[in-house]
Amino acid sequence: MELTDYRDRFPILAETTYLINHSLGAMPAAVAERLAEYAQVWASRGVRAWAEGWWTMPLSVGDQVARIIGARPGTTVMHQNVAVAEAIVLSSLGPVAPARNRVIYEAENFPSVRYLYQAQRELDVVVCADAAEIVASIDERTLLVPISHVLFRSGEIQDVPAIVERAHAVGARVVLDCYQSAGIVPLAVEALGVDFAVGGSVKWLCGGPGNGWLYVRPDLISQLSPTLTGWQAHATPFAFEPELRYADGVARFLTGTPNVPALYAATPGYDLIEEVGVERIRANSLRQTALLIDLADEAGFELRSPRDPARRGGTVTLHVPDFEAVHRELGERQVICDFRPGAGIRLGPHYFTTDSELARATGMIREILSSGRNRRFVGASARF
Ligand SMILES: Cc1ncc(COP(=O)(O)O)c(C=O)c1O
């Protein structure tokens, strides 16, 4: 099947040039059926639905994510978002001793991640500019190293192995945020040796909101006892025991009642990613991001994302004059993309994007700039 044959699976592609899959991936049409199925199950099965699959969905859907991120079954659980998933990670490493209270992270981590660690008074947070500085900063005082596989602003792929090696040499743990890589850049979290990986489904996985996930290194699962917990983490939740007894497997990293409708909505996007295959998606993404870079060079736009294919994620960031206003103007023409302050316009094609859409979008940016229409909305604010 040609990649463009998948276009009719995504209703929004009939109406728009959808280049914002690094932010909110296009919704597969099958999501509507899955949500109807959820309502039907609730309506007809009522409370029996818990025993018939709802209760274990954070694990069964987690197993599907595990396949996509290169992890074995029984290592990955679903959560609301990355902030919650990383908070659970941190809670599993305590109590924090003053001699090992450092968190080394990069300035370009996503805000959810930065804010979470900044808010912990017992932690000494060290902010680094890049992977090399992270490696140099890790020492015996380091508890945790939260990093991003692909940086959200620049789309740059990080040197994860060097960081993992250094962290493990001094007994520190690494949590890898794969939000911007899962579904677009081949990923093997187990082979990378990271202690934890987190991500969500809003972007390239096209799984929608409410579907964050947490992977825990298989040999660590039974050694850790997260203090951010709930009854889904209990060995026998339906015994309603007064005391906490953790489940044996990765369920011990769960909290309370799962977000069932979100979990229903997640799987059509994952199914398509599995059907197409991340390797094939990556090959197409590298080709199309190279095309975008060529088009940008031709037009004289400044590139704010990596040229090197080995460092390039799925997004191309273009810094053009008044990019906020250019973005607004593109939106009026049904070209959906976004921008980030200090960076520029972000274009994120996915496997269903056509080359002619990329030519059209960059052509429009050119035309907006040359016609001076970028001056119309100067001062517009960043929104999603
Ligand atoms: C790298 C990265 N991490 C995390 C998030 C989101 O964090 P959360 O799931 O806490 O909303 C995003 C974007 O929304 C992201 O790009």
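Both counts, for ligands and for their atoms, begin at 1 and track the order of listing. Note that the structure is predicted; figures quoted are calculated from it, not measured.
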_Please find the pair of heavy atoms, one from Arg340 and one from Arg153, that lie closest to each other, and give the distance._
CB-CG, 4.0 Å
*Does the side chain of Leu13 reach to within under 4.5 Å of the side chain of Phe352, using non-hydrogen atoms?*
yes
_I'd like to know if Arg333 and Glu329 make a salt bridge, using a cut-off of under 4.0 Å between side-chain N and carboxylate O._
yes
*Look at the rings of Tyr105 and Tyr117 and say which category their plane angle falls in: under 30° parallel, 30 to 60° tilted, over 60° perpendicular.*
tilted
_Strictly under 4.0 angstrom, heavy-atom based: which residues surround ligand 1?_
Asn81, Val82, Ala83, Phe110, Ser112, Phe152, Asp177, Tyr179, Gln180, Lys203
*Answer yes or no: is there an ion pair linking Arg328 with Glu324, defined by an N-O contact shorter than 4.0 Å?*
no
*Other hydrophobic cluster members with Tyr246, side-chain heavy atoms of Ile/Leu/Val/Met/Phe/Trp/Tyr under 4.5 Å, chained?*
Leu244
